[in-house]
K.L.:
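Structure in structure tokens, see below.
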Amino acid sequence: RGGPCGPEARGEVGGGGGGGSGARPRLRPASSGRTAARQASMGQAPALPGGWQEDEEVFYVGVGHGFLSGDQLVYGNRGTVSGPSTVKDGADYRRVAVKFPGNSGPVACFVDALTRSRPTETIGGSWKIGEELVYNGAVRSLDDGDRLLPGGRCEVVGPAPDGSPEGSAAVMFPGHSAPVITASLSREDEQLRCTLLGSCLDMCLATPDKLVIPEKAEVFALSGSGSITPSSANSSSRRCCRG
């Protein structure tokens, strides 16, 4: 089908660098037409890039994404090699066509995004595919105009390239055109959550015996037993939370 196996994921500042992880087949050029013809005359199937064979089972280990047709590629999905890539953009020697269940037709996948063994479910040390994380890095603008904002939610869609910082993963932000590679990630329950009203605060300023619930604009005091009771403090006190 027209198009390679998905866009490359971007670095935090717009650099390239997609790709898969795990056990990857060695990348080999496709056989020449003369070699393929000789193999066909001998009753052998022409060699495919990466040493793959038609009808061989593969697992996708690249960055997940969707196509305009509605078809999708998901990290860890199992498929079947259906033949050579026919994109005809000069890079077919690095791809094979793969049919994944649920898709309308084969997709031309780079051989380094495929593996013969089922990949691990955990990437980047502790993240899982499909998990929702929070971006905790600095404000950044990407080359295509997309922006990364602290506190933005994103979905883990694949592994970061080899050599990326520890904890990196490919994540997709709502409204972005392509995934982003970043290590500035955390789970929401690991975040120190503050509601900023009126002005931006970098730190929570509540005292140890006070817990402010910004949504209700009420101040609660922690009793000695650990229970929470309404305080007589004015509701216009500093509105922060203690994590």
Side-chain angles (χ1 to χ4, degrees), residues 3-27 50 58-67 71-79 91 94-95 98 100 107-194 202 243:
C5 199
E8 290 190 344
R10 305 164 294 180
E12 287 186 18
V13 292
S21 63
R24 302 178 185 175
R26 183 183 299 275
L27 186 117
V58 300
F59 292 90
Y60 179 68
V61 292
V63 175
H65 58 279
F67 296 97
D71 290 349
Q72 290 187 333
L73 285 173
V74 179
Y75 176 88
N77 269 11
R78 179 172 57 187
R94 299 171 54 204
R95 307 190 193 99
V98 180
F100 292 95
V107 179
C109 292
F110 288 104
V111 295
D112 62 355
L114 302 171
T115 181
R116 290 180 171 86
S117 57
R118 186 181 297 276
T120 177
E121 295 181 359
T122 302
I123 62 175
S126 62
W127 314 129
K128 293 185 177 181
I129 296 296
E131 183 176 14
E132 184 178 90
L133 301 178
V134 177
Y135 174 69
N136 57 23
V139 175
R140 294 184 182 276
S141 295
L142 305 180
D143 291 344
D144 60 2
D146 288 343
R147 300 188 70 199
L148 301 182
L149 301 175
R153 286 176 169 78
C154 53
E155 179 184 349
V156 179
V157 295
D162 295 337
S164 297
E166 184 178 357
S168 296
V171 295
M172 190 71 180
F173 291 87
H176 277 203
S177 59
V180 175
I181 302 294
T182 179
S184 301
L185 301 168
S186 63
R187 294 184 174 90
E188 186 173 12
D189 57 7
E190 297 169 348
Q191 290 286 302
L192 186 62
R193 289 175 285 178
C194 287
D202 294 327

K.L.:
Side-chain donor-acceptor pairs under 3.5 Å in residues 118-130, sequence neighbours left out?
P.N.:
{"unit_1": "Thr120", "atom_1": "OG1", "unit_2": "Thr122", "atom_2": "N", "d": "3.3"}
{"unit_1": "Trp127", "atom_1": "NE1", "unit_2": "Gly167", "atom_2": "O", "d": "2.8"}

K.L.:
So which heavy atom on Val156 is nearest to which on Val171, and how close?
P.N.:
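Looking at all heavy atoms of both residues, the closest pair is CA-CG1, 4.1 Å.
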
K.L.:
Quick one: CZ on Arg116 to CZ on Phe59, what's the gap to the nearest 0.5 Å?
P.N.:
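It is 12.0 Å, given to the nearest 0.5 Å.
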
K.L.:
Do the side chains of Pro161 and Ile181 get nearer than 4.5 Å, heavy atoms only?
P.N.:
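Answer yes - side chains close enough.
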
K.L.:
Considering non-hydrogen atoms only, spot the tightest contact between Met172 and Val157 and give its length.
P.N.:
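Smallest heavy-atom distance, with atoms named: CB-CG1, 3.9 Å.
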
K.L.:
Identify the two heavy atoms, one from Ala160 and one from Ala169, that lie closest to each other, and give their separation to 0.1 Å.
P.N.:
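For Ala160 versus Ala169, the nearest heavy atoms are CB-N, 4.0 Å.
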
K.L.:
Using 0.5 Å steps for rounding, measure from the CZ atom of Arg78 to the OG1 atom of Thr115.
P.N.:
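Between Arg78 CZ and Thr115 OG1, I get 13.5 Å after rounding to 0.5 Å.
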
K.L.:
Looking only at heavy atoms, what is the nearest atom pair of Cys109 and Phe100, with distance?
P.N.:
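Between these two residues, the closest heavy atoms are SG-CE1, 4.0 Å.
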
K.L.:
Show me the pairs that pass ring pair (Phe, Tyr, Trp, His ring centres under 6.0 Å) and involve residues 145-173, at least two apart or across chains.
P.N.:
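Sorted pair list: Phe173-His176.
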
K.L.:
What closest approach, in Å, do Gly137 and Pro150 show between heavy atoms, and which atom pair accounts for it?
P.N.:
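Heavy atoms only, the tightest pair is O-CG, 3.2 Å.
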
K.L.:
What distance do Cys154 atom SG and Glu131 atom CD have between them, rounded to the nearest 0.5 Å?
P.N.:
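So the SG of Cys154 and the CD of Glu131 are separated by 9.5 Å.
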
K.L.:
Applying salt bridge (Lys or Arg N to Asp or Glu O under 4.0 Å), name anything that partners Arg147, two or more places apart in sequence or on another chain.
P.N.:
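In terms of salt bridge (Lys or Arg N to Asp or Glu O under 4.0 Å), with neighbours along the sequence ignored, Arg147 is linked to no residue.
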
K.L.:
Might you point out which heavy atoms bring Val61 and Leu114 nearest each other, and give the distance in Å?
P.N.:
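Minimum heavy-atom separation between Val61 and Leu114: CG2-N, 3.9 Å.
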
K.L.:
I want to check something: taking the side chain as every heavy atom from C-beta on, are Thr182 and Leu148 in contact at a cut-off of under 4.5 Å?
P.N.:
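No - every pair of side-chain heavy atoms lies 4.5 Å or more apart.
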
K.L.:
Answer whether the closest heavy-atom distance between the side chains of Arg187 and Leu133 falls below 4.5 Å.
P.N.:
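Answer yes - side chains close enough.
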
